[in-house]
Engineer: 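Okay, handing you the structure first.
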Amino acid sequence: MREAVASAPGKVNLILRSGAKGEDGFHPLFSVFEAISLREYVVARTRRKPGVGVTTKVYRPSMLGEGAPAFDQELTQKMAELPEEQHLAHRAARALQPLAATTQWGANSSGVELTVYKCIPIAGGMAGGSADAAATLVAVNELWQLGLEPAQLEMVGRQLGADVPACLRGEWSMGIERGDHLTSLANDGSTRHWWALAFVEGGLSTPAVFREFDELGLGETNLPTELSGADLDITAASAVAAGLLRNDLAEASLSLRPELAAVGESSLQAGAVGWMVSGSGPTIAALAPDRETASEVCQRWVDQGLADSAAVVWGPGKGAQIEEALPGWV
Ligand code: C5P
């Protein structure tokens, strides 16, 4: 039996602008992604039985971001009920399986057993499912020694979900079309954004948010295709970046979940410099000037009963990568 371990980051969208629904039923997007320090881990093992098996273990990130995430039995049980073909890790392995036939591994057995260690909240607007796919693509590419280059993995990833390329690439990237055609933004390593994330009960489905977006008659007619002028400062320190945060989907998400606005406002009272709905929500991401403030924001949310749980994370984080071993908390 061979084994490969990989990880991939979740994301926040520093900028998410959306046009009105196109003829293909999708909304054209202009997005700036920041990969964050919350990561999913995937172990891929060869097996004799053909096909793809997936087991998912769900963890809750610790509130201060550094302690060990806690195993969540209830959500782990729920994930076990998800039909396999809806699991993005399963679909990612399936997408690479035909290529395995050309390798020595495929000659004997092209079955693979995946174990996914989930830390990114499910249906939270932080690309957890896409990170599962990204980590699986990297792990399986290694397991079967397929030799696919990053650009090739990105091409496969795009077919699995619009956020998969951003999870593969990590760091900062700008996406157009469905947000899946990326350009990397320069990262000199000098900026670290500290985020407080509020996880609230119940997810928000992306299609439902886009439907609400349509019903509210939202959607820009002239979406940009590249970053211009001041928008480039989105990669600057928190205080500058906060003024540029923008999410066109927020109005639709807040229309479906009005109570989320109070979560954002509360973060400002604790010293956050800006806040936004993450992706299609319902996670609220508050940008803090430093780690201590981010931690105070989380504490306030929990004390006020505004969040089910909260976590401090930072960005930009690395893209999907092979790992020597699983983290100690597994
Ligand atoms: O990308 P994802 O699979 O999460 O999208 C789910 C649904 O959200 C799509 O089927 C579509 O209805 C809607 N969507 C959209 N425009 C996008 C992305 C998603 O309308 N750019």
Engineer: Mind checking whether L96 and L148 have side chains closer than 4.5 Å, heavy atoms only?
Structural biologist: yes
Engineer: When rounded to the nearest 0.5 angstrom, what distance separates CE in M155 from CG in D180?
Structural biologist: 12.5 Å
Engineer: In terms of relative ring orientation, are F71 and Y59 parallel, tilted or perpendicular, with 30° and 60° separating the classes?
Structural biologist: perpendicular
Engineer: Are D72 and K78 ion-paired here, with the side-chain N under 4.0 Å from a carboxylate O?
Structural biologist: no
Engineer: Side chains of Q145 and T103: is there a donor and an acceptor less than 3.5 Å apart?
Structural biologist: no
Engineer: Is a side-chain donor or acceptor of R39 paired with a backbone partner of K318 at a separation under 3.5 angstrom?
Structural biologist: yes
Engineer: Can you name the residues that form a ring pair (Phe, Tyr, Trp, His ring centres under 6.0 Å) with H87, not counting sequence neighbours?
Structural biologist: none
Engineer: Considering non-hydrogen atoms only, spot the tightest contact between V112 and A93 and give its length.
Structural biologist: CG1-CB, 4.0 Å
Engineer: Backbone N or O of A44 within a donor-acceptor pair of the E3 side chain at under 3.5 Å?
Structural biologist: no
Engineer: Using a strict cut-off of less than 4.0 Å between a Lys/Arg side-chain nitrogen and an Asp/Glu carboxylate oxygen, indicate whether R169 and E171 qualify as a salt bridge.
Structural biologist: no
Engineer: Can you check whether R94 reaches E85 side chain to side chain, under 4.5 Å on heavy atoms?
Structural biologist: no
Engineer: Is the backbone N or O of W314 less than 3.5 Å from a side-chain atom of S37, with the two atoms forming a donor-acceptor pair by type?
Structural biologist: yes
Engineer: Only one of R45, R2, R47 passes salt bridge (Lys or Arg N to Asp or Glu O under 4.0 Å) with E113; say which it is.
Structural biologist: R47
Engineer: Tell me yes or no: between the side chains of S280 and T206, is some donor less than 3.5 Å from an acceptor?
Structural biologist: yes
Engineer: Check whether any side-chain heavy atom of F30 sits under 4.5 Å from a side-chain heavy atom of D248, and report yes or no.
Structural biologist: no
Engineer: Could you report the tightest heavy-atom contact between P121 and L38, atom names first, then the distance?
Structural biologist: CD-CD1, 4.2 Å
Engineer: Without swapping roles, check the side chain of N141 against the backbone of G147 for a donor-acceptor pair under 3.5 Å.
Structural biologist: yes
Engineer: For R300, which residues count as a salt bridge (charged side-chain N to carboxylate O under 4.0 Å, His left out) partner, sequence neighbours excluded?
Structural biologist: none
Engineer: Please identify each residue that fulfils salt bridge (charged side-chain N to carboxylate O under 4.0 Å, His left out) with D290, with sequence neighbours left out.
Structural biologist: none
Engineer: Is E34 reaching over with its side chain to a backbone N or O of L14, donor-acceptor style, under 3.5 angstrom?
Structural biologist: no
Engineer: Hey, is CD on E74 packed in by over 12 heavy atoms from elsewhere, all under 6.0 Å?
Structural biologist: no
Engineer: Is V138 linked to V330 within one hydrophobic cluster, defined over Ile, Leu, Val, Met, Phe, Trp and Tyr using a side-chain heavy-atom separation of less than 4.5 Å?
Structural biologist: no
Engineer: Is it true that a side-chain atom of T283 and a backbone atom of G124 form a donor plus acceptor pair closer than 3.5 Å?
Structural biologist: yes
Engineer: Taking side chain as C-beta onward, heavy atoms only, is L249 less than 4.5 Å from N13?
Structural biologist: no
Engineer: According to a 4.5 Å side-chain heavy-atom criterion applied to Ile, Leu, Val, Met, Phe, Trp and Tyr, with indirect links allowed, do I322 and V5 form part of one hydrophobic cluster?
Structural biologist: no
Engineer: Is D132 close to V54 at the side-chain level, that is, under 4.5 Å between some pair of heavy atoms?
Structural biologist: no
Engineer: Looking at E324, I want to see if its CD is surrounded by more than 12 non-hydrogen atoms of other residues, nucleotides or ligands under 6.0 Å.
Structural biologist: no
Engineer: Using the rule that Ile, Leu, Val, Met, Phe, Trp and Tyr join whenever any side-chain heavy atoms are under 4.5 Å apart, tell me whether V52 and L146 fall into a single cluster.
Structural biologist: yes
Engineer: Quick one: are L223 and I176 in side-chain contact, heavy atoms under 4.5 Å?
Structural biologist: no
Engineer: I'd like to know if the side chain of T56 and the backbone of V116 have a donor-acceptor N/O pair within less than 3.5 Å.
Structural biologist: no
Engineer: Please check: side-chain N/O of H193 versus main-chain N/O of A236, any donor-acceptor pairing under 3.5 Å?
Structural biologist: yes
